[in-house]
Amino acid sequence: MNSKLKKAGTACIILSGALWGLMGIFVRSLNAAGLDSMQIVLIRSAVTTVLMAAVLFFYSKKLLRIRLRDLWCFLGTGLVSILMFTYFYFRTMQLTSLSVAAILLYTAPVMVTLLSALLFREALTAPKLIACAMAFAGCVFVAGIFGNTDPVPAAAILTGLLSGFGYALYSIFSRYALQRGYHSLTITFYTFLIATLGVLPFLNWKGLADAFTASPRVLLLSIAMGIVTAALPYSLYTFGLTAVESSRASIMASVEPVIATLVGVLAFQEPLTLSGGIGILLVLAAIVILNLRVSRKIQTP
């Protein structure tokens with residue numbers, strides 16, 4: 001594979017994780033404006049759908065075409081992944097602490113690594129397994145889970161693992177779509193179109209309308225959130241999958257909780273603990289390990 005393409009794919013994946021890490025800024029602001037979690041999910045999905053439709057219309061209308069027999073790939077990324085992980089993630093936050101919810105969500109890289117080995121025959125190399133373990137440990141430290149002495153309800157463990165599973169499935173379904181020749185922009189557009197349609201039946205429409213009429217700032221935040229945390233990072237991540245294995249990509253995207261921690265420190269004056277600092281170093285070390293030049297003898301042809 002072209003080394004320049006691989007480097008570009010790696011950069012795109014790391015950047016996508018960094019952009020996802022900015023989510024807290026928008027979610028907290030929209031929560032303060034009176035919006036609940038499902039309303040924010042709709043706003044993010046709908047804004048992204050409109051933005052991606054405009055991009056595809058002016059960039060290349062041909063990219064709007066999909067084959068009916070491939071619809072399952074987009075149902076997978078939109079409903080099974082985006083909506084599934086979001087619903088169960090928010091449910092876990094109701095049942096237990098945010099730190100526990102976050103670490104259960106970030107079981108995703110482990111799941112992607114195992115699923116990719118099973119479905120795509122990706123090699124389970126020693127560096128990959130070590131990096132996966134380090135990224136997971138880093139997320140544990142960043143979440144500060146070692147300071148939590150309260151017992152975690154069984155229901156929270158179940159919903160948390162389901163959120164991680166849903167999160168992992170985006171890499172799997174989008175890989176299938178890429179193998180069928182679809183552009184990363186096409187995958188992003190149909191993912192969020194289907195996610196938008198899927199969330200419509202579960203909304204409090206009156207509360208949504210009240211929030212938008214109360215302040216024009218809500219509209220600006222919604223558009224910015226769609227661009228920064230969905231349209232751009234998902235397009236970058238999906239493009240990155242054309243050059244990087246799904247398992248490696250998922251581990252590299254673990255930079256997200258690192259950025260989220262830094263956002264909390266810089267934007268919301270949350271303290272950076274020793275545990276958080278160790279976690280950041282572990283995640284960064286995992287990314288470095290994945291990008292070290294490996295001997296040709298252990299590389300898969």
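Here the side chain of Thr186 pairs no donor or acceptor atom with the backbone of Tyr182 at under 3.5 angstrom. Not one N or O on the side chain of Arg217 forms a donor-acceptor pair closer than 3.5 Å with the backbone of Ala33. Between the Thr213 side chain and the Asp210 main chain, a donor and an acceptor come within less than 3.5 Å of each other. The main-chain N or O of Leu241 is found under 3.5 Å from a side-chain atom of Arg175 such that the two form a donor-acceptor pair. Side chain of Ser184 to main chain of Thr238: no donor-acceptor pair is present (N/O by atom type, distance under 3.5 Å, no hydrogens or angles). Side-chain N or O atoms of Ser116 include none that pairs as donor or acceptor with a backbone N or O of Thr113 at under 3.5 Å. Checking side-chain atoms of Arg44 against main-chain N and O of Thr229 turns up a donor-acceptor pair under 3.5 Å. A donor-acceptor contact shorter than 3.5 Å links the side chain of Ser81 to the backbone of Gly166.
In terms of hydrophobic clustering, with Ile, Leu, Val, Met, Phe, Trp and Tyr side chains grouped at heavy-atom distances under 4.5 Å, Leu203 and Ile82 are assigned to a common cluster. When the side chains of ILVMFWY residues are joined at heavy-atom separations under 4.5 Å, either directly or via intervening members, Leu71 and Leu193 end up in a single hydrophobic cluster. Using a 4.5 Å cut-off between side-chain heavy atoms of Ile, Leu, Val, Met, Phe, Trp and Tyr, with links allowed through other members, Ile223 and Ile40 fall into the same hydrophobic cluster. Residues Val112 and Leu178 fall into different hydrophobic clusters, defined by Ile, Leu, Val, Met, Phe, Trp and Tyr side chains chained together at heavy-atom separations under 4.5 Å. No continuous path of hydrophobic side-chain contacts links Val50 to Ile227 [ILVMFWY only; heavy atoms under 4.5 Å].
Considering every non-hydrogen atom in both Leu115 and Leu169, the closest pair reads CD1-CD2, 4.3 Å. Nearest heavy atoms, Gln39 versus Leu208: NE2-N, 3.4 Å. In this structure, Leu161 and Met111 approach most closely via the heavy-atom pair O-CE, 3.6 Å. Of all heavy-atom pairs spanning Ser16 and Ile13, the tightest one is OG-O, 2.6 Å. Closest approach of Ala18 and Val255 over heavy atoms only: N-CG1, 3.6 Å. Here the closest heavy-atom approach between residue Phe189 and residue Leu56 is recorded as CB-CD1, 3.7 Å.
In this structure, Leu63 CG and Leu185 CG are separated by 6.5 Å, a value rounded to the nearest 0.5 Å. Once rounded to the nearest 0.5 Å, the distance linking CG of Leu114 with CG of Leu118 reads 9.0 Å. Atom OG of residue Ser222 and atom CZ of residue Phe212 lie 3.5 Å apart, to the nearest 0.5 angstrom. Here the straight-line distance linking atom CZ of Phe239 with atom OG1 of Thr188 works out to 12.0 Å at 0.5 Å rounding. Atom CG of Leu220 sits about 12.0 Å away from atom OG of Ser29, to the nearest 0.5 Å. In this structure, OH on Tyr59 lies 12.5 Å from CG on Leu64, to the nearest 0.5 angstrom.
Under the 3.5 Å distance criterion, with hydrogens and angles disregarded, a donor-acceptor pair is assigned to the side chains of Thr77 and Thr191. Donor-acceptor pairing under 3.5 Å is recorded for the side chains of Tyr237 and Ser171.
A 4.5 Å side-chain heavy-atom check between Leu19 and Leu236 finds at least one atom pair inside the cut-off. Side-chain atoms of Ile130 and Thr125, non-hydrogen and from C-beta on, never get closer than 4.5 Å to each other. Side chains of Ser235 and Met52 form a contact here, defined as non-hydrogen atoms less than 4.5 Å apart. A 4.5 Å side-chain heavy-atom check between Leu79 and Leu75 finds at least one atom pair inside the cut-off. Within the 4.5 Å cutoff, the side chain of Met225 has no heavy atoms near those of the Val47 side chain. By the 4.5 Å heavy-atom criterion applied to side chains, Val55 and Leu51 are not counted as neighbours. With contacts defined as side-chain heavy-atom distances shorter than 4.5 Å, the pair Ile259/Leu22 qualifies.
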Hey, mind stepping through Val228 and Ile25 against side-chain contact (heavy atoms from CB on, under 4.5 Å) and telling me if it holds?
CA-CA 11 Å; Val228 175; Ile25 296 173; over 6 Å; no
With side-chain contact (heavy atoms from CB on, under 4.5 Å) as the test, would you mind laying out the steps for Trp205 and Leu200 before giving the verdict?
CA-CA 9 Å; Trp205 290 99; Leu200 291 178; 3.6 Å; yes
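Note: Tyr234 and Tyr170 have perpendicular aromatic rings, judged against thresholds of 30 and 60 degrees for the angle between ring planes.
A centroid separation of less than 6.0 Å is found between the aromatic rings of Tyr176 and Phe120.
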